[in-house]
Asker: 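Okay, here's the structure, questions in a sec.
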Amino acid sequence: CPAPCESRCRQGDITGVSVAIRQLKRYIADSVINTTGYRDDRLESNGRRVSIVGAGPAGMSAAFYLAKTGYDVTVYEASDRVGGAIATGVPAYRLPYKDVLADYASLDHLGVRTHLNTRIGSDLPLSELRKTSDAVLLATGRTVGRTFGPKSPKFEAAVKFLWDVKLGVRTSAPARVAIIGGGAVAMDCAMTAVRLGAETHMVALEERDQMLCHEEEIVDAIEDGVSLLNGWSTKDFVMDDDQPRKLVLQRCLRVLDDDGRFAPTFDPEELREIDRGAVWKAWWQSWPLALIVITVFGLEWWIRRRNGLT
C-alpha cells in the first residue's frame, strides 16, 4: 500500500509529521505472527459450513474472519500454492513467498482446511459444493490477462510473464521489451524484465502524474533503468514474420473525458517508433468467464452453449 492517507493525515497537519501507518502495521503484523492471541478469541462452532473457491487475499481473508466467528471453512485452490496473485504474480523482490506462507499459517491454527491443486468444475463440481455447504464464496480473482495485436508468442499478457518468472518457468527475457500499461502490474513487469537484463520501455496513456502506480515506484523504476514513455498509445506493429520489430506509437492527448470517464483521444499525426522484440500487455485483468457463467446458468447450459446447442 502506498499509504495515501499519510499525505492527508490530521497528525501531520498539527505536528508536520504524519502517522507512519505502514511501519506501524508492519510491526503489529510481524508481532502477531509470533503470538496465539488471534486464536484464543475464536467463537464456538455454529455448525455451519462455508466453501471458498480461491486461496488468494480475498478468499483467505474471508476464511480467517469466518473461522473466528465459528464457521467450518474449507478453501479450494486450483494451483499448488496459497496466496493467489501475491504468491504467483507479485515479484519476489517485492514480497518473498516465505512471508506469504508465514501469514497464511494462522489459518491452519484456526482450523481452516485448504485443498490445493483442486480446480472447481473439472476436479470438483461446483454443484457438489453448493449441496454440501451452507454458503459458497467465489474468490477467484482477476486471473485472466488480456492481450492484443498480431498472433505471435511475442505478444502476451504481462501477468503470464510474472507468473512464469515467479514459478521458475522463465529465467530470462528478450533483449528489448515493451510493456503496455501504466499501473501496478505494468510496473512489476517492467522491474522484473530489467532484473532479467532486458532493455525495457513502459508505454502509458497517462502522463506521469496520472499513472495508476505510485510515484515512489516510478522513481525506483527509472533508477533501475526502465524508460517511461508517457502520453503515448500503440497504433500499429511492424512485424518480421511472426516477430515484432517495431511499435508505432501515437500521441495521447487526454485519457478521460469531461465527466471523468475513460475515453482517450489521440493525435494521429504525432507518431514515433521504438524497436522491440517482445510486447507484454498490462492493461486490465478479468475474471474466469466460464466459472461465472456456470455459477449463474449451470454447468449443463455451459456445455450446451460450448457445443453450439443453445
Side-chain angles (χ1 to χ4, degrees), residues 1-2 4 7 85 89-90 141-163 173-174 176-194 198-222 224-239 243-289 292:
C1 175
S7 63
V90 176
R142 296 188 176 190
T143 59
V144 180
R146 300 182 181 182
T147 187
F148 68 102
K151 296 292 185 181
S152 167
K154 296 298 184 179
F155 287 80
E156 60 180 327
V159 290
K160 184 180 184 304
F161 168 70
L162 291 174
W163 292 336
R176 301 185 306 277
V177 302
I179 292 95
I180 312 301
V185 173
M187 186 60 70
D188 284 348
C189 192
M191 298 280 275
T192 300
V194 165
E199 180 186 309
T200 305
H201 278 79
M202 278 183 64
V203 181
L205 289 174
E206 306 89 355
E207 295 299 334
R208 176 167 171 169
D209 60 348
Q210 297 174 322
M211 292 177 68
L212 299 179
C213 50
H214 196 260
E215 176 63 21
E216 64 186 44
E217 291 184 290
I218 298 174
V219 172
D220 289 343
I222 293 174
D224 281 0
V226 176
S227 297
L228 293 181
L229 296 178
N230 291 108
W232 292 93
S233 172
T234 53
K235 178 179 175 63
D236 200 0
F237 305 95
V238 178
M239 304 291 292
Q243 304 295 314
R245 287 294 172 256
K246 293 182 179 180
L247 271 69
V248 181
L249 308 179
Q250 61 181 343
R251 173 64 71 181
C252 179
L253 301 177
R254 61 187 300 188
V255 179
L256 306 177
D257 63 17
D258 293 335
D259 295 322
R261 293 174 297 190
F262 182 75
T265 57
F266 308 100
D267 180 359
E269 301 300 321
E270 185 175 355
L271 305 176
R272 67 179 296 179
E273 295 181 351
I274 58 173
D275 296 329
R276 296 294 97 177
V279 180
W280 297 324
K281 181 178 181 294
W283 190 25
W284 294 351
Q285 286 73 51
S286 60
W287 297 273
L289 178 60
I292 297 173

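Note that these values count all heavy atoms, side chains included, but never hydrogens, waters or copies made by symmetry.
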Asker: Do Leu249 and Phe266 have side chains that get closer than 4.5 Å, going by heavy atoms?
Answerer: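 Side chain of Leu249 against side chain of Phe266, heavy atoms only: no contact under 4.5 Å found.
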Asker: Does any part of the side chain of Phe155, heavy atoms only, come nearer than 4.5 Å to the side chain of Met239, both counted from C-beta?
Answerer: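 When only atoms from C-beta onward are counted, Phe155 and Met239 do touch, with a gap below 4.5 Å.
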Asker: Can you name the closest pair of heavy atoms from Leu247 and Ala178 and give their distance?
Answerer: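 Residues Leu247 and Ala178, closest heavy atoms: CD2-CB, 3.9 Å.
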Asker: Rounded to the nearest 0.5 Å, how far apart are NZ of Lys246 and CZ of Arg176?
Answerer: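 CZ of Arg176 is found 10.5 Å from NZ of Lys246.
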Asker: Which value, rounded to the nearest 0.5 Å, describes the distance between Arg208 atom CZ and Cys213 atom SG?
Answerer: 9.5 Å
Asker: Please tabulate, for side-chain N and O atoms in residues 180-194, each donor-acceptor pair with protein atoms closer than 3.5 Å (sequence neighbours left out).
Answerer:
residue: Asp188; atom: OD1; partner: Arg94; partner atom: NE; Å: 3.0
residue: Asp188; atom: OD1; partner: Arg94; partner atom: NH2; Å: 2.5
residue: Thr192; atom: OG1; partner: Asp188; partner atom: O; Å: 2.7

Asker: Who passes side-chain contact (heavy atoms from CB on, under 4.5 Å) against Glu216, sequence neighbours left out?
Answerer: Arg22, His214
Asker: Which value, rounded to the nearest 0.5 Å, describes the distance between Leu229 atom CG and Met202 atom CE?
Answerer: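 Nearest 0.5 Å value for the CG-CE distance: 9.5 Å.
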Asker: Donor-acceptor check, side chain of Asp259 to backbone of Arg261, threshold 3.5 angstrom: yes or no?
Answerer: no
Asker: Output the distance between atom CH2 (Trp232) and atom CG (Asp267), rounded to the nearest 0.5 Å.
Answerer: 8.5 Å
Asker: Check Arg254 against Asp258 and note the closest heavy-atom contact, atom names and distance.
Answerer: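 Between these two residues, the closest heavy atoms are NH2-OD1, 2.8 Å.
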Asker: Measuring from Glu206:CD to Leu256:CG, what's the distance to the nearest 0.5 Å?
Answerer: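 The CG atom of Leu256 is 8.5 Å from CD of Glu206, to the nearest 0.5 Å.
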Asker: Taking all heavy atoms of Ile274 and all of Val203, pick out the closest pair and write down the distance.
Answerer: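 Closest approach of Ile274 to Val203: CD1-CG2, 4.3 Å.
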Asker: Working to the nearest 0.5 Å, report the span between CG of Leu228 and OG1 of Thr200.
Answerer: 11.0 Å
Asker: Taking only residues two or more places apart in sequence or in another chain, which ones pass side-chain contact (heavy atoms from CB on, under 4.5 Å) with Glu207?
Answerer: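 Once residues adjacent in sequence are excluded, the partners of Glu207 under the side-chain contact (heavy atoms from CB on, under 4.5 Å) criterion are Asp209, Gln210, Asn230, Arg251.
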